[in-house]
Amino acid sequence: MENPGLVVHGQAASFSTALRSLVNNPRYSDVCFVVGQERQEVFAHRCLLACRCNFFQRLLGTETGPGVPSPVVLSTVPTEAFLAVLEFLYANSVTLHRYSVLEVLTAAVEYGLEELRELCLEFVMKVLDVELVCEALQVAVTFGLGPLQERCIAFIEAHSQEVLQTRGFLELSATALLPVLRSDKLCVDEAELVKAARNWARVGAAVLERPVAEVAAPVVRELRLALLAPAELSALEEQNRQEPLIPVEQIVEAWKCHALRRGDAAPGAPCRRRRGTLPRDHHRFLDLRFK
């Protein structure tokens with residue numbers, strides 16, 4: 001019986017370097033992509049992409065047809081992210097940067113590249129900061145990346161004041177903002193959170209050309225108005241008349257909690273104190289305590 005042969009390996013580094021030199025190299029390339037909003041040409045090799053990624057196998061097919069093949073247009077992926085994907089497919093390694101890793105992660109998810117996705121997730125969690133966290137949360141919510149969403153929420157809970165001042169916070173979708181507002185562990189007072197929610201809704205209203213109250217409707221129920229002192233609630237009510245943000249019945253529920261001095265006076269009125277809630281005299285009457 002013939003003995004099986006022994007597999008031996010050459011130098012991985014030199015092999016990787018040689019393949020990396022083919023990334024976006026028109027020499028021997030047989031497919032051209034037109035990538036991003038800037039419509040930049042990127043060259044690649046059909047057989048390598050097809051054998052490494054099912055997405056490209058389906059996209060490129062098996063027949064090139066006669067003549068020079070037409071460019072493949074991928075307008076939604078930024079050029080730098082697409083080149084990172086190619087680098088990974090060619091060399092099985094990738095150079096990631098903080099400012100573009102979420103775009104690479106998005107491409108990895110869309111192209112079904114699980115190993116690249118995991119590398120991106122690991123990198124994001126290492127470099128997560130105040131400026132990046134909301135954008136990362138949006139990506140996590142959009143693609144159902146549970147561990148990343150949990151990590152982002154925990155970071156926001158620990159750095160609430162700073163995060164609320166970022167552009168990324170203002171650009172969150174309502175779906176991404178909801179788990180933030182539902183957290184008991186935010187290190188911010190409710191008055192500041194109400195202001196932040198109003199600013200968020202104003203930006204959304206301007207972008208979507210819709211009323212502030214309409215934009216805010218999916219999230220404002222998570223604001224815990226009963227935590228505000230009577231003077232703060234009166235001021236909020238007056239501001240709400242001038243610029244509707246919160247349903248009137250929600251403000252009424254908060255007033256009912258004050259009148260009856262019980263946290264459970266109005267069903268559905270959230271009265272749990274958050275980690276950053278500043279003490280107010282009426283808090284001693286709330287039955288639901290922060291845990």
Side-chain angles (χ1 to χ4, degrees), residues 128 130 133-134 136-137 140-141 146 149-166 168-170 172-202 204 212-213 215-241 243-291:
L128 203 62
V130 168
V133 66
C134 286
L137 174 61
V141 170
Q149 178 174 333
E150 292 175 6
R151 178 71 181 89
C152 290
I153 294 295
F155 187 95
I156 293 171
E157 289 169 343
H159 304 85
S160 308
Q161 291 277 6
E162 300 94 323
V163 172
L164 295 183
Q165 305 302 317
T166 64
F169 174 81
L170 297 176
L172 283 174
S173 69
T175 304
L177 181 56
L178 272 173
V180 176
L181 295 183
R182 287 172 177 161
S183 173
D184 291 340
K185 298 180 181 179
L186 293 176
C187 292
V188 64
D189 185 63
E190 207 65 24
E192 292 301 316
L193 203 54
V194 171
K195 291 179 183 177
R198 187 178 293 277
N199 290 335
W200 171 85
R202 285 170 174 166
V212 169
V215 172
V219 303
V220 290
R221 279 290 177 185
E222 304 303 326
L223 297 174
R224 304 178 183 183
L225 304 185
L227 298 177
L228 302 177
E232 295 172 304
L233 197 53
S234 294
L236 175 62
E237 193 170 23
E238 178 58 32
Q239 185 178 15
N240 206 58
R241 291 192 188 99
E243 182 187 38
L245 174 75
I246 300 169
V248 172
E249 59 269 22
Q250 186 176 349
I251 298 177
V252 170
E253 289 172 357
W255 278 120
K256 192 179 294 185
C257 289
H258 280 279
L260 300 180
R261 293 187 172 184
R262 292 181 58 200
D264 59 352
C271 298
R272 289 191 308 277
R273 279 157 279 184
R274 305 182 197 268
R275 180 175 291 166
T277 300
L278 298 177
R280 294 166 174 82
D281 289 342
H282 74 287
H283 287 179
R284 67 184 184 273
F285 300 114
L286 300 182
D287 295 333
L288 300 177
R289 295 184 178 181
F290 169 73
K291 295 182 180 180

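Contact check for L137 versus Q149: side-chain heavy atoms found under the 4.5 Å cut-off. Counting heavy atoms from C-beta on, the side chains of T277 and H283 come closer than 4.5 Å. Taking the side chain as every heavy atom from C-beta outward, L177 and F169 approach each other to under 4.5 Å.
A donor-acceptor contact shorter than 3.5 Å links the side chain of Q250 to the backbone of V220. Distance alone, capped at 3.5 Å, is enough to place a donor-acceptor pair between the E190 side chain and the R224 backbone. At distances below 3.5 Å, not a single donor-acceptor pair connects side-chain atoms of R151 with backbone N or O atoms of L128. In terms of modelled atom types and a separation under 3.5 Å, the side chain of E192 and the main chain of D189 share no donor-acceptor contact. A distance-only check finds no donor-acceptor pair linking the side chain of R273 to the backbone of L227 [under 3.5 Å]. Formation of a donor-acceptor pair under 3.5 Å by the T166 side chain with backbone atoms of V163 is found in this model.
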message = Does R221 form a salt bridge (charged side-chain N to carboxylate O under 4.0 Å, His left out) with E249? I'd like the steps, not just the answer.
response = CA-CA 10 Å; R221 279 290 177 185; E249 59 269 22; 3.7 Å; yes
key: Working for side chain to side chain contact (heavy atoms under 4.5 Å, CB included), residues L164 and W200   = CA-CA 9 Å; L164 295 183; W200 171 85; over 6 Å; no
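Minimum interatomic distance between A254 and L233 (heavy atoms only, all atoms of both residues): CB-CD2, 3.8 Å. Scanning all heavy atoms of the two residues, the minimum distance from S160 to V188 falls at CB-CB, 3.9 Å. Across every non-hydrogen atom of A174 and V219, the tightest pair is O-CG1, 3.8 Å. Minimum heavy-atom separation, S183 to K185: OG-N, 3.0 Å. The minimum heavy-atom distance between P230 and H258, with the atom names listed, is CD-CE1, 3.6 Å. Pairing each heavy atom of A176 with each of L172, the nearest pair is CB-CD2, 3.9 Å.
The structure places CZ of R182 at 10.5 Å from CD1 of I153, a figure rounded to the nearest 0.5 Å. How far CG of L236 is from CG of L245: 7.5 Å, rounded to the nearest 0.5 Å. Note: N240 CG to I251 CD1 = 4.0 Å, rounded to the nearest 0.5 Å.
Look at E253 and K256 and you find no salt bridge, because none of the NZ, NE, NH1 or NH2 atoms lies under 4.0 Å from a carboxylate O. Using a cutoff of 4.0 Å between basic side-chain nitrogens and carboxylate oxygens, R274 and E157 are not scored as salt-bridged.
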